[in-house]
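Each residue takes its place number in the sequence, starting with 1. Since the model is a prediction, treat every value here as computed from it, not as a measurement.
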Amino acid sequence: MKSVSIIIPIYNAEKFLPDLFSCLSKFNFIEGDQVLLTDNGSTDNSMAICLRQCEKDRHYRVLSFTDAADSYAARNYAVKHATGDVFAFTDSDCKPLPEWLDQVRKVEDGCVMAGKVELELLEDNLWEKFDRLVHLGQTEEAIRNNRVPTANMAVNRNDFMQVGYFEERFSGGDFEWSLRACRKHLKIVYNQEAFIYHPSRKTFEEISTREKRTAYGRGKSDRNNEHSKLRLFLRYFLKIFKIDTNIKLSCQLSKVGVGFKELIYFNVKFFQIRGMQLKAALDGYNQVDARALKIK
């Protein structure tokens with residue numbers, strides 16, 4: 001039976017860690033399994049909570065990586081310390097079901113497993129509905145297009161090393177890695193039984209932070225790959241005026257019960273988000289520290 005290294009980047013996750021560890025405690029660990037918790041410079045009690053968990057269970061190991069504010073750099077650092085036959089990736093705010101570890105252990109050679117990610121809807125407000133429509137939909141579409149999110153991904157060690165480490169671009173590194181995996185002729189396999197819950201974003205601030213983080217990652221990647229800053233600017237500037245996107249989202253939100261006044265409010269805030277994305281993309285290109293921008 002193959003051993004598994006579960007790799008989880010940690011940053012200011014103290015409110016999520018009790019639920020995460022409760023879920024992991026239900027796993028059927030075998031000899032050689034490990035949970036690598038890589039702290040990326042947390043300023044809350046995350047490190048202390050992780051260290052206490054290590055004292056309780058020998059399968060856990062805490063690593064510290066502070067050279068860059070970047071979850072993909074933290075994952076790469078953990079990979080260098082991983083000993084398992086399989087590398088399984090998830091996030092600190094996720095809740096894997098008890099069968100998850102057994103499922104990822106089954107990943108075959110030459111394959112990348114994409115597990116099912118389901119949003120937890122607790123308040124069912126405007127922004128939760130938007131999150132489900134857009135971001136969960138993007139995740140499902142991404143998997144159909146052979147792009148696997150690290151919220152729920154597994155791959156055999158040899159296959160991962162054949163593809164190489166994640167691009168350290170702050171956001172979007174998993175999808176870029178997936179493209180390289182396909183070029184290496186790895187097969188993306190969707191496994192609905194490898195099930196993880198992910199908390200929904202419930203406020204405008206949570207949604208806008210997510211959108212800024214994605215745009216920042218795009219800007220950083222364009223800088224790393226020596227792409228034109230003007231092209232980056234035009235991509236995000238023109239997005240602001242894509243009224244068809246507003247119309248499409250408004251229709252979708254209306255179908256799930258969002259009223260007229262809320263739709264007006266949503267469209268005003270959505271234009272604001274587009275402007276934030278433009279600034280974040282340029283900040284990423286200019287290598288402004290992500291923690292200074294409070295999007296880490």
Side-chain angles (χ1 to χ4, degrees), residues 1-14 16-17 20-21 23-25 27-94 96 100-105 107 109 111-113 115 148-171 173-174 176-178 180-181 184 186 194 196 290-291 296:
M1 188 177 291
K2 292 185 289 190
S3 59
V4 179
S5 293
I6 302 173
I7 294 171
I8 308 174
I10 306 291
Y11 179 73
N12 287 356
E14 63 177 348
F16 300 115
L17 291 175
L20 172 67
F21 294 152
C23 291
L24 298 185
S25 70
F27 286 173
N28 296 314
F29 288 119
I30 64 170
E31 190 65 34
D33 287 344
Q34 59 180 173
V35 181
L36 297 176
L37 307 168
T38 309
D39 187 81
N40 194 209
S42 294
T43 57
D44 64 0
N45 293 317
S46 293
M47 177 66 89
I49 295 171
C50 290
L51 289 171
R52 284 199 296 271
Q53 184 65 23
C54 285
E55 294 174 357
K56 297 177 184 176
D57 191 324
R58 63 185 177 83
H59 292 101
Y60 288 79
R61 181 180 177 189
V62 177
L63 304 171
S64 177
F65 178 82
T66 58
D67 291 353
D70 187 320
S71 64
Y72 293 101
R75 291 183 181 95
N76 286 339
Y77 185 75
V79 164
K80 295 173 184 177
H81 292 81
T83 59
D85 302 313
V86 177
F87 296 160
F89 299 90
T90 189
D91 294 333
S92 59
D93 55 355
C94 288
W100 183 77
L101 179 59
D102 296 329
Q103 292 298 322
V104 302
R105 207 185 296 280
V107 64
D109 290 339
C111 295
V112 181
M113 189 211 76
V148 186
T150 43
N152 195 353
M153 166 183 158
V155 60
N156 284 309
R157 164 190 287 276
N158 291 339
D159 289 326
F160 182 93
M161 300 312 297
Q162 179 188 357
V163 176
Y165 292 101
F166 294 108
E167 180 186 4
E168 296 178 2
R169 54 183 286 176
F170 188 77
S171 179
D174 43 8
E176 188 277 335
W177 186 92
S178 301
R180 281 190 280 128
K184 294 287 187 178
L186 268 66
I196 275 178
R291 291 189 180 126
K296 170 59 182 167

Less than 4.5 Å apart, side chain to side chain, heavy atoms only: is that true for [X] and [Y]?
| X | Y | answer |
| --- | --- | --- |
| S3 | T83 | no |
| R291 | T43 | no |
| S46 | D39 | yes |
| H59 | L24 | no |
| W177 | T150 | no |
| P149 | M153 | no |
| I10 | L17 | yes |
| N158 | D109 | no |

With rounding to the nearest 0.5 angstrom, report the [atom1] to [atom2] distance, [X] to [Y].
| X | Y | atom1 | atom2 | value |
| --- | --- | --- | --- | --- |
| R169 | S71 | CZ | OG | 11.0 Å |
| F16 | C94 | CZ | SG | 9.5 Å |
| L51 | N45 | CG | CG | 11.0 Å |
| D85 | M1 | CG | CE | 11.5 Å |

Tell me whether [X] contacts the main-chain N or O of [Y] through its side chain, where contact means a donor paired with an acceptor under 3.5 Å.
| X | Y | result |
| --- | --- | --- |
| N40 | A68 | yes |
| K184 | D159 | no |
| D44 | E14 | yes |
| T90 | A151 | yes |
| D91 | P9 | no |
| D70 | F170 | yes |
| R61 | A82 | no |

Smallest separation among heavy atoms of [X] and [Y], with atom names:
| X | Y | result |
| --- | --- | --- |
| Y77 | S64 | CE2-O, 3.7 Å |
| I8 | S92 | CG2-N, 3.6 Å |
| N28 | L101 | O-CD2, 3.8 Å |
| F21 | C50 | CZ-SG, 4.2 Å |
| A74 | T38 | O-CG2, 3.5 Å |
| L20 | P96 | CD1-CD, 4.3 Å |

Ring center gap for F160 and F166 short of 6.0 angstrom: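 Under 6.0 Å, so yes.
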Trace of the side chain to side chain contact (heavy atoms under 4.5 Å, CB included) decision for F29 with I6: CA-CA 11 Å; F29 288 119; I6 302 173; 4.2 Å; yes
L186 vs R180, side chain to side chain contact (heavy atoms under 4.5 Å, CB included): CA-CA, chis, key distance, verdict: CA-CA 9 Å; L186 268 66; R180 281 190 280 128; over 6 Å; no
Counterpart residues, salt bridge (Lys or Arg N to Asp or Glu O under 4.0 Å), relative to E31 (two or more places apart):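 Counting only residues at least two positions away or on another chain, E31 forms a salt bridge (Lys or Arg N to Asp or Glu O under 4.0 Å) with R58.
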Pairing residues for D33 by the salt bridge (Lys or Arg N to Asp or Glu O under 4.0 Å) criterion, not counting sequence neighbours: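 For D33 the salt bridge (Lys or Arg N to Asp or Glu O under 4.0 Å) partners, ignoring immediate neighbours, are R105.
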With sequence neighbours excluded, residues passing side chain to side chain donor-acceptor pair (under 3.5 Å) with S178: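 S178 satisfies side chain to side chain donor-acceptor pair (under 3.5 Å) with no residue once adjacent residues are dropped.
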Derivation of the side chain to side chain contact (heavy atoms under 4.5 Å, CB included) call for N156 and K2: CA-CA 9 Å; N156 284 309; K2 292 185 289 190; 3.2 Å; yes
Side chain to side chain contact (heavy atoms under 4.5 Å, CB included) assessment of V107 paired with V155: CA-CA 6 Å; V107 64; V155 60; 5.5 Å; no
Parallel, tilted or perpendicular, as decided by the 30° and 60° cut-offs, for the rings of F87 and F89: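 Taking F87 first and then F89, their aromatic rings stand perpendicular (interplane angle over 60°).
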H81, R157, Q34 screened by side-chain hydrogen bond (donor to acceptor under 3.5 Å, both in side chains) with S5, the one that passes: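 Looking at H81, R157, Q34, the match for S5 under the side-chain hydrogen bond (donor to acceptor under 3.5 Å, both in side chains) is Q34.
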